[in-house]
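Before any comments, here is the structure.
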Amino acid sequence: MNRVEPRTLSGFMELLPNEQILFNQMKEKIQKTYERFGFLPLDTPVIESAEVLLAKAGGETENQIYRFQKGDNDLALRFDLTVPLAKYVAKNYGNLSFPFRRYQIGKVYRGERAQKGRYREFYQCDIDIIGDGELDLINDAEIPSIIYTLFKELGFNDFTIKINNRKILNGLFESINQKDNSTEILRIIDKIEKIGKDAVIEELKKLNVKDEQINKIISFIEITGSSDEKIEKLENLGITNETYLKGINELKTVVQNVRLFGVPDSNFMVDLTIARGLDYYTGTVYETFLNKYRELGSVCSGGRYENLAEYYTDKSLPGVGISIGLTRFFYKLNELNIIKADRKSISDVLIIPVVEDLKEPIKLAADLRKIGVNTEVYLNDKKLKAKLKYADKLQIPYTIIIGEDEIKSNKIKVKNMETGESIETELSAEKIKEII
RNA sequence: GUGAGUAUGGCGUAGUUGGUUAACGCGCCAGUUUGUGGCACUGGAGAUCCUGGGUUCGAAUCCCAGUACUCACCCCA
């Protein structure tokens, strides 16, 4: 027989059971938190018509998208969850209630060269709030409170949600006549933490930005102090550009209201270097860092955009949202041993039959499941030793052996596999549940 | 798209002046121990040494090509 080597494509994550259990737990916590804030679930197809997915596109996105023909259809795999959302809202505009709050957790695809912690197929966990015509700025302030609740829920305390406003940066660029280069400059500024101040200056010089302008940009992003102090310093820079002033006002409002939503100052701050590479953000932008693990980069980011679905509808649909790249986040947490995948089974109990007639063991399992106990019956004809070894290897916490004696006497022993101790009780699901 | 590196049982690895039965750990199977797992001991199964070609009396080892994977850049989650 000509065997095919079993392999998984580069850039695609595949986990062992213990890791998958942990991954699913994280995914579930994220989902529960999103729902607690009233976000509605949404699931859209992984495959869309290329025309729809590439309505905007251009540049890198176009190069990285998986695109293929099936018959006469020109198809593509979604590369994020925002474009499908835009299509969905435009298509179902009449059936949705605005502001439309939706979450979506799903896989997206990017055909780029894989590298450490970077995948071609990965989960994004998105929330967005979409307004009809307008969306009040206070929504921008609620977002950090969701991030805050979420990371608390995931077991983190020492994290910082960094907040900035694109209008401030864009206004600054306008005021120094660098509006045309704004996307490029933003990208460079965004890298300051990684490459350092000097490298940023070098890159700006390559863009033919004048020294005087570079100095302005640098002294701007080097503004220090608390969130309120930074805002005050921005106001006192003497820049009169309209966009700039609007940005400051927005940022000020957001900061005040973030506090209203209960996020402590220890977990958020204004950071003027946060720019986000994506060019569709037009106002508030967010990035979240785990302070003890800065090397992870931003683990949750997003922002405000002026018009979600301009390529699909005339309706004006401003929105604000965030995304967590769960696959990468999980990979890195695991790599740094911040999380431990120590559960190898999801069974609470393994029932081990040592009789021919499986009626009683199967009935007991059904009874246990009915009252919420994850129960598994060992169904292969092996020696008792092998059956116990199975429970041991999967670290199933309890075992119950059922044979002729147990059925006759109506008494069983619940064995704690960690301590090795057994507790005798009645052959009844309720009694067993009390023990485990 | 650009650059560098790696490829040996299921997994992690050893294996260079080219030399005959490819080694070790983990895992797997069996036994010591016929209704009680983990520990220990004993034994066992399991390898187209990535693929194709070349050099050589002889290649896991040297050369060429291909493929895959990894890392970095670009970009991004």
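These numbers were taken from a predicted model, which means no experiment stands behind them.
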Checklist entry - Which residue lies toward the 5' end of RNA chain B, A:Gln124 or A:Thr399, if each is placed at its nearest nucleotide? => result A:Thr399
Item to check | Base B:rG37 to side chain A:Asp392, donor-acceptor N/O within 3.5 Å cut-off | outcome: yes
Item to check | Pairwise P distance, B:rU13 and B:rG19 [rounded to whole Å] | outcome: 23 Å
Checklist entry - With sugar-phosphate meaning primed atoms plus P, OP1 and OP2, does A:Glu421 contact a base, only sugar-phosphate, or nothing at under 4.0 Å between heavy atoms? => result nothing
Checklist entry - Looking at the side chain of A:Arg328, which of B:rC71, B:rA77, B:rG37 is the nearest nucleotide? => result B:rA77
Checklist entry - Once you round it to whole Å, what is the distance between C1' of B:rU36 and CD1 of A:Ile402? => result 15 Å
Checklist outcome for this item: A:Lys194 NZ to B:rC74 P, in whole Å, measures 6 Å
Item to check | A:Tyr378 and A:Tyr390 aromatic ring geometry - parallel, tilted or perpendicular at 30°/60° bounds | outcome: perpendicular
Next on the checklist: Is it the case that B:rA77 (base atoms only) and A:Glu112 (side chain only) share a donor and an acceptor within less than 3.5 Å, ignoring hydrogens and angles?
Outcome noted: yes
Checklist entry - In whole angstroms, how far is the C1' atom of B:rU67 from the CZ atom of A:Arg7? => result 9 Å
Checklist entry - Between the side chains of A:Asp126 and A:Gln104, is a donor N or O closer than 3.5 angstrom to an acceptor N or O? => result no
Next on the checklist: Rounding to an integer number of angstrom, what distance separates B:rU8 and B:rU32 when you compare their P atoms?
Outcome noted: 38 Å
Checklist entry - Roughly how many Å is it from CG in A:Leu384 to P in B:rG35, rounded to a whole number? => result 6 Å
Checklist entry - Using atom P of each nucleotide, how far apart are B:rU56 and B:rU61 to the nearest Å? => result 16 Å
Checklist entry - So, is A:Ser10 near the phosphate of B:rU70, with a side-chain N or O under 4.0 Å from OP1 or OP2? => result yes
Next on the checklist: For the backbone of A:Phe37 and the side chain of A:Arg101, can you confirm whether one donor and one acceptor N or O come within less than 3.5 Å of each other?
Outcome noted: yes
Next on the checklist: Taking the C1' atom in each of B:rA60 and B:rA7, what is the distance between them to the nearest angstrom?
Outcome noted: 11 Å
Checklist outcome for this item: A:Ile352 atom CD1 is separated from B:rG37 atom C1', nearest whole Å, by 8 Å
Item to check | Expected output: side-chain A:Tyr286 to main-chain A:Asp140 donor-acceptor under 3.5 Å | outcome: yes
Item to check | Sugar-phosphate only, base, or nothing, as touched by A:Gly420 at under 4.0 Å among non-hydrogen atoms | outcome: base
Checklist entry - Heavy atoms under 4.0 Å, any strand shown: does A:Lys383 hit a base, just sugar-phosphate, or nothing? => result sugar-phosphate
Checklist entry - Between A:Lys415 and B:rG38, is there a side-chain N or O to OP1/OP2 distance below 4.0 Å? => result no
Checklist outcome for this item: Side-chain atoms of A:Tyr331 come closest, of B:rC71, B:rA77, B:rG37, to B:rC71
Checklist entry - If we take the C1' atom in both B:rA4 and B:rU42, what is their distance in whole Å? => result 48 Å
Checklist entry - OP1, OP2 of B:rC73 versus side-chain N and O of A:Gln115: anything below 4.0 Å? => result yes
Item to check | Distance-only donor-acceptor check, side chains A:Glu287 and A:Ser301, under 3.5 Å | outcome: no
Item to check | Paired nucleotide for B:rG1 [Watson-Crick or G-U wobble; both distances under 3.5 Å] | outcome: B:rC73
Checklist entry - Atom OH of A:Tyr398 and atom C1' of B:rU36: how far apart are they, to the nearest Å? => result 17 Å
Next on the checklist: Distance check, C1' atoms only: B:rU2 and B:rG10, in whole angstrom units.
Outcome noted: 36 Å
Item to check | Main-chain N/O of A:Gln395 paired to A:Ser345 side chain as donor or acceptor, under 3.5 Å | outcome: no
Checklist entry - Do we see a donor-acceptor contact under 3.5 Å between the side chains of A:Gln31 and A:Tyr103? => result yes
Checklist entry - Given the C1' atoms of B:rC57 and B:rU20, what is the spacing between them in whole Å? => result 13 Å
Item to check | Donor-acceptor pair under 3.5 Å, A:Glu406 side chain vs B:rG35 base | outcome: yes
Checklist outcome for this item: A:Ile412 atom CD1 is separated from B:rG35 atom P, nearest whole Å, by 20 Å
Checklist entry - In terms of side-chain geometry, is the basic nitrogen of A:Glu153 or A:Lys32 positioned less than 4.0 Å from the acidic oxygen of its partner? => result no
Next on the checklist: With the six-membered base ring of B:rA77 as reference, does the ring of A:Phe329 sit under 5.5 Å away with planes under 30° apart?
Outcome noted: no
Next on the checklist: From C-beta outward on A:Arg113, which listed nucleotide comes closest to its side chain: B:rG1, B:rG37, B:rG35?
Outcome noted: B:rG1
Next on the checklist: Checking base pairs now: Watson-Crick or wobble, both atom distances under 3.5 Å. What partners B:rA14?
Outcome noted: none
Next on the checklist: Both distances below 3.5 Å, Watson-Crick or wobble geometry, any strand: find the nucleotide opposite B:rC57.
Outcome noted: B:rG19
Item to check | Separation of the P atoms in B:rC11 and B:rC28, to the nearest angstrom | outcome: 15 Å
Item to check | Selected nucleotide, minimal atom distance to A:Phe122 side chain, candidates B:rA77, B:rG37, B:rC71 | outcome: B:rA77
Checklist entry - Which whole-number value in Å describes the distance from A:Lys107 NZ to B:rA77 P? => result 19 Å
Checklist entry - Reckon A:Lys332 has a side-chain N or O less than 4.0 Å from the OP1 or OP2 of B:rA77? => result no
